[in-house]
Amino acid sequence: MRLTAPPSPRTGRRDTEGMAVASFVLGLVGLLVLNIVLGPIAIVLAVVALRRGTPRRFRALLGLGLGVADLVILAVLTAVHGTASWSFWGG
């Protein structure tokens, strides 16, 4: 017994659109919190969406850029403060 619809080109296209949007959102949120986790996830989702030919190519590219920016911010914070978290109080 099959519980889901059979795969179709329309279903695959919607999946890649969702991956592109998720990559963008996770990359954006990763700039503020959990950049060590959300950055790599955003990068992977963007690459998979681009390889599968997403119609939301620009959004996937933005997600890829934001994912890389997450990791750059993590590296800068680690180098400057010796920690992987933001410090709002200058402590």
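On a predicted model such as this, the values are computed, not experimentally measured, just so you know.
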Quick one: does any side-chain atom of T54 pair with a main-chain N or O of L50 as donor and acceptor, under 3.5 Å?
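Not at all, since once roles are kept as given, no pair shorter than 3.5 Å links the two residues.
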
To the nearest 0.5 Å, what is the distance between [atom1] on [X] and [atom2] on [Y]?
X: M19; Y: R56; atom1: CE; atom2: CZ; answer: 13.5 Å
X: L38; Y: L74; atom1: CG; atom2: CG; answer: 11.5 Å
X: L77; Y: I36; atom1: CG; atom2: CD1; answer: 11.0 Å

Among V76, I43, N35, find the one that has a side chain to side chain contact (heavy atoms under 4.5 Å, CB included) with L71.
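For L71, the side chain to side chain contact (heavy atoms under 4.5 Å, CB included) test succeeds with only one of V76, I43, N35, which is I43.
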
L26 and its side chain to side chain contact (heavy atoms under 4.5 Å, CB included) partner, picked from D70, L45, L66, L34:
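Testing each of D70, L45, L66, L34 against L26, the sole residue satisfying side chain to side chain contact (heavy atoms under 4.5 Å, CB included) is L45.
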
Do T16 and P55 come close enough that some side-chain heavy atom pair is under 4.5 Å?
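Yes, side chains in contact.
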
For A42 versus S23, what's the shortest heavy-atom pair and its separation?
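Heavy atoms only, the tightest pair is O-OG, 2.8 Å.
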
